[in-house]
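The structure appears right after this line, and notes come after that.
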Amino acid sequence: MIEIDWYLALSAVIFTIGLVGVLIRRNAIVIFMCVELMLNAVNLSLVAFSAYHGDVTGQILVFFSLAVAAAEAVIGLAIILAIFRNNLSVDITKINLLRW
Amino acid sequence: MPLNQKIRMEIYTFVLLAVLAIASALGMILSKNTVNSALLLVLNLLSVAGVYLLLQAQFLALIQILVYAGAIIVLFLFVIMLLNIDQEESFFEKVRVKYIVAFLLGAVILGQLLYSLGGVTDLLPEKSPDMAFAGTVEALGDVLYTDYLFAFEMTAILLTAAVVGALMIAQYKKKKTDDSE
């Protein structure tokens with residue numbers, strides 16, 4: 001029987017990879033994918049806790065978080081599309097309209 | 001199958017899926033090509049779905065494949081195709097302070113997470129015997145349509161609002177003529 005620690009450690013590692021990805025990439029779409037990766041890592045730890053407690057509530061929370069992630073991806077990609085149309089770039093270092 | 005062999009099989013499967021997930025996540029953030037990143041994200045999501053199956057959350061594993069690997073990645077690929085992005089320069093070509101800081105920050109956060117995990121390791125739950133029944137569609141639907149019905153309906157409103165908002169943000173605006181302003 002695998003202890004729950006391993007699932008949580010896997011979740012932590014994937015979360016950190018997503019975090020580093022957000023910090024090092026400059027392409028806005030890849031940054032979005034990294035955010036999805038981080039959401040997914042947190043979902044994994046929720047499912048692990050839910051399964052080890054034998055309680056279904058954690059999986060319900062994951063269900064809602066999937067729905068919110070889908071909504072977030074749709075809106076984010078629409079924003080990227082709009083920015084690209086005005087700016088002809090998805091490089092976040094070149095999108096500096098709101099920079100002081 | 002004897003119990004010992006079953007446990008060993010579970011561990012092998014977990015290690016396989018975990019290595020696949022971590023490797024594809026690393027490949028995703030390091031790959032130069034955006035399409036490759038998206039496809040590696042699919043691989044990562046599929047291996048996480050496999051881990052869900054190990055945790056006997058069958059419904060979520062299916063939803064993960066259908067919603068994430070199906071719908072969201074197709075959306076990403078469509079946007080990549082529409083935007084026709086020129087390739088990002090690889091960050092291995094020149095080492096910048098930014099990357100070192102990012103990797104250091106990542107290492108610190110991973111260390112913190114694992115340290116805190118190690119600190120509470122006695123408090124973590126043992127595997128529950130109810131586990132086999134917690135992830136079925138019946139169990140989830142039972143709770144979802146009674147206790148969480150309101151939140152479920154709110155999800156519907158959220159998704160509708162997201163679709164309308166996305167259409168509004170992304171639509172092509174015609175150039176206004178001077179007299180219309």
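Order of the sequence lines sets the chain letters (A, B, ...), proteins ahead of strands, with each chain counted from 1.
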The interface call for B/I72 against chain A, heavy-atom contacts under 4.5 Å, is side chain
What distance do B/S116 atom OG and A/L8 atom CG have between them, rounded to the nearest 0.5 Å? 9.5 Å
Contact part of A/I14 toward chain B, heavy-atom cut-off under 4.5 Å: side chain, backbone, both or neither? side chain
Strictly under 6.0 Å, is that where the ring centroids of A/Y7 and A/F49 end up? no
When heavy-atom pairs shorter than 4.5 Å are enumerated against chain B, which of A/T57, A/D5, A/V20, A/L77 gives the highest number? A/L77
Side chain, backbone, both or neither: which part of A/F32 has an atom under 4.5 Å from a heavy atom of chain B? both
Residue part contacting chain A, namely of B/L26, when any heavy atom lies under 4.5 Å: both
Part of B/L117 within contact of chain A (heavy atom distance under 4.5 Å): side chain
Under 4.5 Å between side-chain heavy atoms, hopping through other hydrophobics if needed: is there a path connecting A/V68 to B/F150? no
Pairwise side-chain contact, B/N44 with B/M28, heavy-atom cut-off 4.5 Å (strictly under): no
B/A38 versus chain A, the contacting section by heavy-atom distance below 4.5 Å: both
Interface moiety of A/I79 toward chain B, non-hydrogen atoms closer than 4.5 Å: both
Search all heavy atoms of B/A25 against all heavy atoms of A/L37 and return the closest pair with its distance. CB-CD2, 3.8 Å
Turns out that what part of B/L140 lies under 4.5 Å from chain A's heavy atoms comes down to both
Note: A/R25 and B/S31 closest approach over all heavy atoms is NH1-O, 2.9 Å
Interchain contact, A/E72 with chain B, by part (heavy-atom threshold 4.5 Å): neither
Less than 4.5 Å to any heavy atom of chain B: does that hold for the side chain of A/V22, its backbone, both, or neither? neither
Could you look at B/T155 and say if it's the side chain, the backbone, both or neither that has a heavy atom under 4.5 Å from chain A? side chain
With a 4.5 angstrom heavy-atom cut-off, which part of B/L114 approaches chain A: side chain, backbone, both or neither? side chain
Looking at every heavy atom in both B/I65 and B/A49, which two are closest together, and how far apart are they? CG1-CB, 3.9 Å
Does any heavy atom of chain A fall under 4.5 Å from the side chain of B/F152, the backbone, both, or neither of them? both
Taking all heavy atoms of A/F84 and all of B/L83, pick out the closest pair and write down the distance. CZ-O, 3.0 Å
Pick from A/I31, A/I75, A/L81, A/I80 with the largest number of heavy-atom pairs that fall under 4.5 Å of chain B: A/I75
Contacting moiety of A/L10, where chain B heavy atoms sit under 4.5 Å: side chain
For B/L75, is it the side chain, the backbone, both or neither that has a heavy atom under 4.5 Å from a heavy atom of chain A? both
